[in-house]
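Every chain is numbered from 1, with letters handed out A, B, ... down the list of sequences.
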Amino acid sequence: MMALLMRDLKLAFRAGGGFGFAILFFFIVTLLLAFGIGPDVVLLGKIAPGALWVCALLACLLSLDRLFALDYEDGTLDLLTVAPIPLEAVVFAKSCAHWITTGLPLALVAPLLGIFLDLPAEGYLWVFLSLLAGTPALSMIGAFGAALTLGLRRGGLLLSVLVLPLYVPTLIFGAEVARRGTVGMDVQTPFLLLVALSFGALALLPFAAAAVLRINLR
Amino acid sequence: MSLWEYANPVKFFALSGRILPWVSGFSAACLLIGLYWGFFHTPDDYRMGSTVKIIYIHVPSALMAINAWFMMLVASLIWLIRRHHVSALAAKAAAPVGVVMTLIALITGAIWGQPMWGTWWAWDPRLTSFLILFLFYLGYMVMWRAVDNPDTAADLTSVLCIVGSIFAVLSRYAVNFWNQGLHQGASLSLDKEKNVADVFYQPLLFSIGGFILLFFALVLLGTRAEIRMRRAAALRMRHGLE
C-alpha cells in the first residue's frame, strides 16, 4: 500500500504528472472571480471564504479524471486487482495520493489567495483548516466518481455532473467553518461535522469505489 | 407462490399487463375527483385566497418525488442482491417519473411562492434540498445513458443510487444547517400540515392517491417498455449473428 502511494506520488510530482495544474487552476479561477465581481473589497472580503471553497472544489474536480484513467489505459489497474492487497486498499492509497498532490497544496495556497480576495486576517487560519479537514472527503468522493466513469466516452463531463451534487454537504460544512471562523463565530459544530464527513468518506467510500471498479473491469 | 416469481420477465409482463389498465383507471379517477373537488368545491383560504388550491398538485408531486427515489433505492438493492433484471429496469423506468415529479413540485412551489412569499425562489432548506434531489435524478439518468452494456449500467447506477441516497440525506441536513446559519427561516418555513383544514384535506387525500397510482402506472408502463426494448435488442443481435 505504501509502495503504491509512493509510486503515485512520484508519478504526480515528475514532469508531465500534472502536479501544480490544480493550484494554477485554483489561482486563475479565484482571479477570474475577482474580475467578475469587481474590485469592491468589502464585498470580496465578505464572500472570500465561500468563494475560496468553491474555487478549491472546482480545482479538485479538475484532476479527478486522471485518478484511475492512466492506470486503466496501460493495464496497471488490471494488475492491481490481482495484487496481494485488496482493491479497497488500492482505492484508498490512490485517493490519499490524490489528496497529497491536490487537496493539501490547495489548502496551503488558499490563505495566500485570500489576500487577493481581501480575506480578513482572522480568516486565514480557518480557510486553511477547513480545507485541510474537508479536502480528504473531496478526494474520496471524487475517487468514487472517477471509478464510476472509468472508460466511458465523455467520462470527464459525466464525472463533474455526478460528483458535484455529491460535494454539496462537504461544501456547506466547509464553507460554513471558513465563514464562521472569519467573522469570529463559534466553529465547533460545523468543524466537527466536516471532520466526521471526511472520516466517514475515508472509511466507507473505498468499498463503494472498489465495487464500482470491479464492475468496470469485468 | 412468492413475490419473487414476478421477477421472471414473462410473468411480470403478464401480470403488469393485466393490472396496468386498472391502475391507470383508478389513478385517473382519483385525480379527477381530487382535483375537481379541490379546485371547484373547496373554499378559498382566508389567508392565501385561491392560491391555496395549487396544494392539490404541489404536495402529492413533492411526496412522489421523494418516494420515487426511495423506490429506486429499493429496486437497486434488489438488483444488486438478487440480480433480477425486472428490478433494475423498474429503477431505470422510475427515474424519469421521479425527475418530472420533482420538477412539478419545484415549479408549482415557485408559482405558489410568488404571490405568497413575494419571490419565485428562496434558499429555504426544503426548496434547496429539492433542487439537489433534482440534480441527483439527472446524474442517475445520465449514468444510465452513458454506459452501453445494460448489465454494467444497471450495476453502476445501482451503486450510484445507494451512495447518492446517503449523500442526499446528508445534503438535506447540511442544507438545514446552512440555512439556519445564514438567516432564520421562520417566515419562509410555512408548515403546511398545520394549516390544512379538513375541507382541504379530504380532496388532497384523493389527489395524493391519484399521484401514487399514476406513479405506479407510469413505472409499470416504463418497465414494460424497457423489457420490450431488451427483447428487441436480443432479437436484433440474434438475427445479426445468423
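Within the 4.5 angstrom heavy-atom criterion, no atom of Leu164(A) approaches chain B. Residue contact with chain A, scored on non-hydrogen atoms closer than 4.5 Å, involves the side chain of Ile132(B) exclusively. The part of Leu205(A) that comes within reach of chain B is its side chain, from C-beta onward, which places non-hydrogen atoms under 4.5 angstrom from that chain. Residue Leu171(A): no heavy atom, backbone or side chain, is found under 4.5 Å from chain B. At a 4.5 Å heavy-atom cutoff, the contact between Leu158(A) and chain B is made by side-chain atoms alone. For Asn149(B), no part lies under 4.5 angstrom from a heavy atom of chain A.
Contact between Gly164(B) and Leu166(A) at its shortest, heavy atoms only, is CA-CD2, 4.3 Å. Residue Phe136(B) comes nearest to Pro165(A) through the heavy atom pair CZ-O, 3.9 Å, listed as atom of the first residue, atom of the second, then distance.
Between Arg218(A) and Asp155(B) there is a salt bridge, since a side-chain N of the basic residue sits under 4.0 Å from a carboxylate O of the acidic one.
Around the CZ atom of Phe13(B), the shell of radius 6.0 Å holds more than 12 heavy atoms that belong to other residues, nucleotides or ligands. The environment of CZ in Phe216(B) is sparse: at most 12 heavy-atom neighbours from other residues, nucleotides or ligands sit within 6.0 Å.
With respect to chain A, the highest number of heavy-atom pairs below 4.5 Å among Thr157(B), Leu170(B), Leu135(B) belongs to Leu170(B). Of the listed residues (Val168(A), Thr170(A), Thr149(A)), the one with the most heavy-atom contacts under 4.5 Å to chain B is Val168(A). Listed options Pro190(A), Ala175(A), Ala211(A) were ranked by heavy-atom pairs under 4.5 angstrom with chain B; first place goes to Pro190(A).
Between Pro169(A) and Phe167(B) there is a side-chain heavy-atom pair separated by less than 4.5 Å. Within the 4.5 Å cutoff, side-chain heavy atoms of Phe144(A) are placed close to those of Val159(B). Inter-residue side-chain proximity for Leu138(B) and Val161(A) is flagged as unmet; no heavy-atom pair is nearer than 4.5 Å. For the pair Met143(B) and Leu152(A), the minimum side-chain heavy-atom distance is below 4.5 Å.
The CG atom of Asn216(A) lies 7.0 Å from the OG1 atom of Thr152(B); values are rounded to the nearest 0.5 Å.
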